[in-house]
Amino acid sequence: MKKPLNQNVVFALRNELSNFHTEFFYCIQRQLRNCNDIVSATSAHSNVFKSGFLNDTFTSNHLINCYVRLQKINDARKLFDEMPAPNVVSWTSLMAGYVDAGQPQMALSLSREMYRSSVVPNDFTFATMINACSILADLQVGKTVHAHVEILGFRSNLVVCSSLVDMYGKCNDVDEARRVFDLMSCRNVVSWTSMITAYAQNAQGHHALQIFREFGVLMLDHPNHFMLASVINACASLGRLVSGKVAHGTVIRRSHDSNDVVASALVDMYAKCGSVSYSEKVFRRIRNPSVISYTSMIVGAAKYGLGNTSLDLFEEMIDRRIKPNDITFVGILHACSHSGLVDEGLEHLKSMHVKHGIIPDAKHYTCVVDMLGRTGRLEEAYQLAKSIQVESDEGALLWGTLLSASRLHGRVDIAVEASKRLIESNQQVSGAYVTLSNAYALAGQWENVHSLRSEMKRTGVYKEPGCSWVEIKDSSYVFYAGDVASCPQGNKLVGLLRELEERMKERGYVGGSIGLVFVDVEEEAKEEIVGLHSERLALAFGLINIPKGVTIRVMKNLRMCRDCHEAFKLISDIVERDFMVRDVNRFHHFDKGSCTCRDF
DNA sequence: TTAGGGTTAG
């Protein structure tokens with residue numbers, strides 16, 4: 001009789017213990033999930049230790065995640081190293097922690113350790129590894145991870161594939177991003193956004209808008225704020241004001257206008273599309289502007305030559321205790337450079353480190369070289385350029401900047417040196433040749449011009465023609481450098497330019513870029529000169545309110561310098577009696593490539 | 001228990 005009773009007691013006790021164990025277990029997990037500060041995390045850690053649960057992988061994983069959430073990656077690592085049997089979640093959580101802590105390299109190094117430990121990665125692990133490659137823009141490692149994804153059978157996983165699309169986009173391999181995207185068996189708003197972003201960030205804004213249109217046509221989902229921010233960015237990169245406004249409308253309809261990131265993208269888009277007043281309107285509606293919103297507005301104002309506005313915005317930002325970053329200072333220096341505020345610019349350069357703890361680097365010094373160069377302080381600019389330690393890409397920008405300034409001020413000696421450095425960097429080589437050639441032409445050194453042109457032909461260096469465009473209603477009209485003279489309305493345009501040139505000369509214009517003075521320069525150089533003309537022309541059109549309520553705006557390079565104001569006044573007179581004003585639809589597209597209505 | 005997408009520059 002006693003035996004069954006004893007068994008019952010034992011069962012009851014076991015159940016009691018098990019319930020207690022389970023209750024305690026969940027209690028600890030709840031505590032770990034709710035930890036919002038390091039004190040409660042340490043207390044929870046201590047409870048886990050006392051209860052003997054530290055050897056339990058599941059509980060330790062919760063603790064790792066708690067430290068990761070609190071950005072205590074070293075505590076998470078210490079705990080991980082003490083675990084007797086970390087599983088795939090332990091490894092993945094720590095890797096994700098390193099990514100969040102800005103150490104993606106450590107995440108990848110950990111993934112290699114994980115492979116050696118024979119723990120098998122899962123879809124979460126792959127997504128984390130791919131994210132690390134994306135941040136590092138490491139295409140080689142990214143491809144290796146992709147190969148493992150295929151081998152281990154995760155090619156149909158939505159999150160893993162979306163991460164791959166993003167990674168290929170960030171590594172500038174858009175074709176591969178598209179290939180992965182096309183092969184996906186199912187997609188969601190994240191995968192579509194990744195593809196749109198891949199295009200937008202790789203100078204393929206038209207494809208980005210095309211994908212966005214497809215997303216809308218398929219009625220898959222509503223665009224969210226992530227997607228809209230990317231689409232706005234694509235519009236900005238294309239200078240497509242109409243599309244940008246349509247996107248803005250969608251933002252308002254979907255109630256995403258209070259999102260700071262979307263608003264910052266809009267501020268940037270309007271500035272790049274020639275409507276800085278809209279930028280300001282959007283900016284002033286942001287309730288708590290971040291450093292990025294301020295920087296967008298500072299840069300936007302700077303593009304329009306409103307240097308003092310940029311500086312005021314900077315002061316306002318500091319007064320609101322918003323900490324500037326390195327890019328804010330690029331904007332400030334750029335603003336000073338384009339508004340001739342050299343002393344203010346040099347003062348800000350000094351204050352960067354002293355007041356704000358940001359050490360100026362090559363990009364800041366490049367702005368200063370530009371600032372000095374524009375105002376003719378070529379010698380100082382040259383000495384500064386020589387003293388800066390730069391990587392290859394940065395060097396191309398630095399010497400390219402100095403080259404432009406030396407051409408502008410006719411310093412052939414410095415132009416020669418800057419071109420040499422630029423050609424050595426193996427970037428913008430054709431631009432360097434053409435600019436140097438023009439510097440020689442300006443100085444009347446025709447022998448050097450011809451010898452440089454021969455060298456270009458011999459080495460096969462070809463200068464891509466630049467272009468400008470205007471947007472009328474819902475269509476863009478493109479002017480390609482070199483096209484003006486050969487297009488159907490070319491004679492009229494050239495006539496217009498000559499008239500403009502004459503009028504400007506009459507009013508004392510002495511600059512070298514507008515006049516047809518380089519008639520003896522060979523073909524490539526002429527292309528650049530004519531390109532400048534067409535740009536000026538487009539620029540002038542952009543400032544004119546055409547009758548019948550049609551406004552023509554210039555989408556690119558809208559600079560309100562003195563020359564442009566002058567050009568505006570003059571070309572207004574000319575255009576008023578030109579057929580293009582009376583019948584705007586006859587304003588031809590000077591076709592060299594495709595140009596269609598790209599509104600969505 | 002762990003994972004993916006967005007904004008600012010020369």
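Note that the structure is predicted; figures quoted are calculated from it, not measured. Chain naming here is simple, since letters A, B, ... match the order of the sequence lines and numbering starts at 1 in each.
Residue His225(A) has no polar side-chain atom (N or O) positioned under 4.0 Å from OP1 or OP2 of dG6(B). Between dG4(B) and Asn131(A), a contact under 4.0 Å exists linking OP1 or OP2 to a side-chain N or O. Considering only side-chain N and O atoms, Lys170(A) lies under 4.0 angstrom from the phosphate OP1 or OP2 of dG6(B). Between Asn188(A) and the phosphate of dG5(B), there is no side-chain N or O to OP1/OP2 separation shorter than 4.0 Å. An OP1 or OP2 oxygen of dT7(B) is reached within less than 4.0 angstrom by a side-chain nitrogen or oxygen of Asn233(A). Checking the phosphate oxygens (OP1, OP2) of dT7(B), a side-chain nitrogen or oxygen of Gln201(A) falls inside 4.0 Å.
The Ala96(A) side chain lies nearest to dA3(B) when the options are dG6(B), dA3(B), dT7(B). Taking the side chain of Ser230(A) as heavy atoms from C-beta on, and the options dA9(B), dG6(B), dG4(B), the nearest nucleotide is dG6(B). Listed nucleotides dG5(B), dT2(B), dG4(B) differ in distance to Val159(A); the shortest reach to its side chain belongs to dG4(B). The side chain of Thr197(A) lies closest to dG6(B), out of dG6(B), dT2(B), dT8(B). Side-chain proximity of His62(A) to dT2(B), dT1(B), dG4(B): nearest is dT1(B). Of the candidate nucleotides dG10(B), dT2(B), dT7(B), dG10(B) has the atom nearest to the side chain of Val330(A). Comparing atom distances between the Asn325(A) side chain and each of dA3(B), dG10(B), dT8(B) picks out dT8(B) as nearest. Here the side chain of Asn65(A) is nearest to one of dG10(B), dT2(B), dG4(B), namely dT2(B). Comparing atom distances between the Phe58(A) side chain and each of dG6(B), dT8(B), dT1(B) picks out dT1(B) as nearest. Closest to the side chain of Ser296(A), out of dT8(B), dA3(B), dA9(B), is dT8(B).
Side-chain rings of Phe154(A) and Phe124(A) stay apart, their centers remaining 6.0 Å or farther from each other. Taking the six-membered ring where the residue is Trp, the centroids of Phe329(A) and His356(A) are separated by under 6.0 Å. In summary, the aromatic rings of Tyr294(A) and Phe283(A) are positioned with their centroids under 6.0 Å apart. Residues Phe212(A) and Trp192(A) place their aromatic rings such that the two centres sit no closer than 6.0 Å.
Glu176(A) is linked by a salt bridge (charged side-chain N to carboxylate O under 4.0 Å, His left out) to Arg179(A), counting only residues two or more places apart in sequence or in another chain.
Whole-Å rounding puts the His222(A) NE2 to dG5(B) P distance at 23 Å. One atom, CG of Leu158(A), and another, P of dA3(B), lie 16 Å apart when rounded to the nearest Å. Rounded to a whole Å, the CZ atom of Phe215(A) is 12 Å from the C1' atom of dG5(B). Summarising the geometry, the separation between CG on Leu372(A) and P on dG10(B) is reported as 17 Å, rounded to the nearest angstrom. When rounded to the nearest whole Å, the span between CG of Leu110(A) and P of dT2(B) equals 17 Å. The CG atom of Leu94(A) sits 19 Å away from the P atom of dT1(B) (whole-angstrom rounding). One interatomic measurement links the two molecules: CD1 of Ile196(A) to P of dG6(B), which rounds to 12 Å at whole-angstrom precision. In this structure, NZ of Lys303(A) is placed 10 Å from P of dT8(B), rounded to the nearest angstrom.
Annotation: side chain of Val231(A) is not in contact with side chain of Pro223(A) (no heavy-atom distance under 4.5 Å).
Judged by ring centres under 5.5 Å apart and planes tilted less than 30 degrees, Phe226(A) fails to stack against the six-membered base ring of dG6(B).
Residue-level contact check: Ser93(A) touches the backbone only, with heavy atoms under 4.0 Å from sugar-phosphate atoms and none from bases. Counting any heavy atom pair closer than 4.0 Å across all strands shown, Thr295(A) reaches a base atom. Counting any heavy atom pair closer than 4.0 Å across all strands shown, Asn87(A) reaches a base atom. Across all strands, Val160(A) comes closer than 4.0 Å to no nucleic acid atom at all (heavy-atom distances).
A salt bridge is defined here as a Lys NZ or Arg NE, NH1 or NH2 lying under 4.0 Å from an Asp or Glu carboxylate O, and Glu214(A) with Arg187(A) fails to meet this definition.
Side-chain atoms of Ser162(A) come within donor-acceptor range of the base of dG4(B), with a qualifying N/O pair under 3.5 Å. In this model, no side-chain donor or acceptor of Asn224(A) finds a partner on the base of dG6(B) within 3.5 Å.
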